[in-house]
Q: 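Mind looking over this structure? Questions follow.
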Amino acid sequence: MGDERSPNIRDRDRELLLPIANTPDDEQLSPKPLSSAISFSQHAGRETFSKVLRSWASKKFMTGCVILLPLAITFYITWWFIHFVDGFFSPIYAQLGINIFGLGFVTSVTVIFVVGIFMSSWLGASVLSLGEWFIKRMPFVRHIYDASKQISSAISPDQKTQAFKEVAIIKHPRVGEYAFGFITSSVVLQSYSGEEELYSVYVPTNHLYIGDIFLVNSKDIIRPNLSVREGIEIVVSGGMSMPQKLTTLDSGINMYGPHNRN
């Protein structure tokens, strides 16, 4: 019996050692770890490349906007200003049959320059005073003229007629906080304890047209080393043109405390 079974056992062992071919159904059901890993790696690589490309494109686009936006705004405002000034004299040239763009602008600039020279003389000042006398007799027009004159005087290069005398920084509204303003005048306050010199400091709250007025002791005013024109630029720009470091006219004091220049 043992001899008859041994061939069958050997045949069965031989069949177990031989490779068995997989059918198509078995190939579909069998896992493919290697191909799945390769596919996942390729998908992850594409996603990473797509994210890097989007981030790079977004940064470059924003860089272009940051560079071109101020240039576009400057060009647009300059172009609008040229058209606006050119419109004063261009209709006169159009009636004469002369249609040259920019000729009205050049004429306006020339007239403004000539008026500036004429008004600097004694005769021009007399004519201006006479004109202001007539304007101030008009009920409604005089208020418009006074407001416009105050705004224009704020940026006047003439120190005698300049509305903003000096740039000032005061402690407001709390200790440790500062407000940016302009010295417009000075006043002597008389009391029982004596006299006290106060400065009228105009603190703009809406560019240069609306603001608050504070009477501040001269000892409590910090005078930065800034011109009035630079102060106006800082206010109009919302503080964006503020220098990174402020120094005061008094060399021993700066914005960070007395005798501290660091």
Q: Residues two or more places apart in sequence or in another chain: which of them pass ring pair (Phe, Tyr, Trp, His ring centres under 6.0 Å) with Phe88?
A: Phe84
Q: If hydrophobic clusters are built from ILVMFWY residues whose side chains come within less than 4.5 Å, do Leu246 and Tyr178 share one?
A: yes
Q: Where do Phe182 and Pro204 come nearest, in terms of heavy atoms and distance?
A: CE1-CG, 4.0 Å
Q: Identify the two heavy atoms, one from Pro91 and one from Gly87, that lie closest to each other, and give their separation to 0.1 Å.
A: CD-O, 3.1 Å
Q: Minimum heavy-atom separation for Ile169 and Pro224, please, with both atom names.
A: CD1-CG, 3.9 Å
Q: Could you see if Phe89 belongs to whatever hydrophobic cluster contains Ile100? Use Ile, Leu, Val, Met, Phe, Trp, Tyr and a side-chain cutoff under 4.5 Å.
A: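 Yes, because Phe89 and Ile100 connect within a single hydrophobic cluster, where side-chain heavy atoms sit under 4.5 Å apart.
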Q: Any salt bridge (Lys or Arg N to Asp or Glu O under 4.0 Å) pairs touching residues 69-80, not counting sequence neighbours?
A: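 Non-adjacent pairs meeting salt bridge (Lys or Arg N to Asp or Glu O under 4.0 Å): zero.
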Q: Do Leu123 and Leu128 share a hydrophobic cluster (ILVMFWY, side-chain heavy atoms under 4.5 Å, transitive)?
A: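 In one cluster with Leu123: Leu128, yes.
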Q: Which of these passes side-chain contact (heavy atoms from CB on, under 4.5 Å) with Phe214: Leu198, Ile221, Ile170?
A: Ile170
Q: Once rounded to the nearest 0.5 Å, what's the spacing between atom CE of Met62 and atom CD1 of Ile67?
A: 11.5 Å
Q: I'd like to check the side chain to side chain donor-acceptor pair (under 3.5 Å) partners of Ser50; sequence neighbours left out, ordered by chain and number.
A: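 Applying side chain to side chain donor-acceptor pair (under 3.5 Å) to Ser50 gives Arg54.
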Q: If you define the side chain from C-beta out and look only at heavy atoms, does anything of Leu215 sit under 4.5 Å from Ser200?
A: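 Yes, at least one pair of side-chain atoms sits under 4.5 Å.
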Q: Mind checking the OG-CG spacing from Ser58 to Leu53? Nearest 0.5 Å is all I need.
A: 11.0 Å
Q: Does Glu177, at its CD atom, have more than 12 non-hydrogen atoms belonging to other residues, nucleotides or ligands within less than 6.0 Å?
A: yes
Q: Work out which heavy atom in Ser227 is nearest to a heavy atom in Val167; give both atom names and the distance.
A: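 In terms of heavy atoms, the two residues are closest at O-CG2, 3.3 Å.
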Q: Minimum heavy-atom separation for Pro243 to Ile234, with atom names?
A: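 Closest approach of Pro243 to Ile234: CD-CD1, 4.0 Å.
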Q: Which pairs with one or both residues in residues 100-130 pass ring-ring contact (aromatic ring centres under 6.0 Å, His included), sequence neighbours excluded?
A: Trp79-Phe101, His83-Phe101
Q: Say you draw a straight line from CG of Leu68 to OG1 of Thr63; how long is it, rounded to the nearest 0.5 Å?
A: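 Reported value, rounded in 0.5 Å steps: 10.5 Å.
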Q: Mind checking whether Met242 and Phe180 have side chains closer than 4.5 Å, heavy atoms only?
A: yes
Q: Is there a donor-acceptor contact under 3.5 Å from the side chain of Thr184 to the main chain of Tyr202?
A: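 Side chain of Thr184 to backbone of Tyr202: no pair is present.
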Q: Do the side chain of Thr110 and the main chain of Val106 share a donor and acceptor less than 3.5 angstrom apart?
A: yes
Q: Under the salt bridge (Lys or Arg N to Asp or Glu O under 4.0 Å) definition, can you give me all pairs with a residue in residues 123-138, not counting sequence neighbours?
A: Glu132-Lys149
Q: Could you tell me which non-hydrogen atom of Glu230 sits nearest to which non-hydrogen atom of Asn225, and how far apart they are?
A: OE1-O, 4.4 Å
Q: Is Leu69 linked to Ile77 within one hydrophobic cluster, defined over Ile, Leu, Val, Met, Phe, Trp and Tyr using a side-chain heavy-atom separation of less than 4.5 Å?
A: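 Same hydrophobic cluster.
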Q: Are any of the side-chain heavy atoms of Tyr199 and Glu197 separated by less than 4.5 Å?
A: yes
Q: What pairs meet the salt bridge (Lys or Arg N to Asp or Glu O under 4.0 Å) rule with one or both residues in residues 77-93, with sequence neighbours excluded?
A: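 Not a single pair qualifies under salt bridge (Lys or Arg N to Asp or Glu O under 4.0 Å).
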Q: Should Val115 and Val127 be counted in the same cluster of Ile, Leu, Val, Met, Phe, Trp and Tyr side chains packed under 4.5 Å apart?
A: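 Same hydrophobic cluster.
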Q: To the nearest 0.5 Å, how far apart are CD1 in Ile73 and OG1 in Thr78?
A: 11.5 Å
Q: Do the non-hydrogen side-chain atoms of Lys171 and Asp220 ever get within less than 4.5 Å of each other?
A: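 No, their side chains stay 4.5 Å or more apart.
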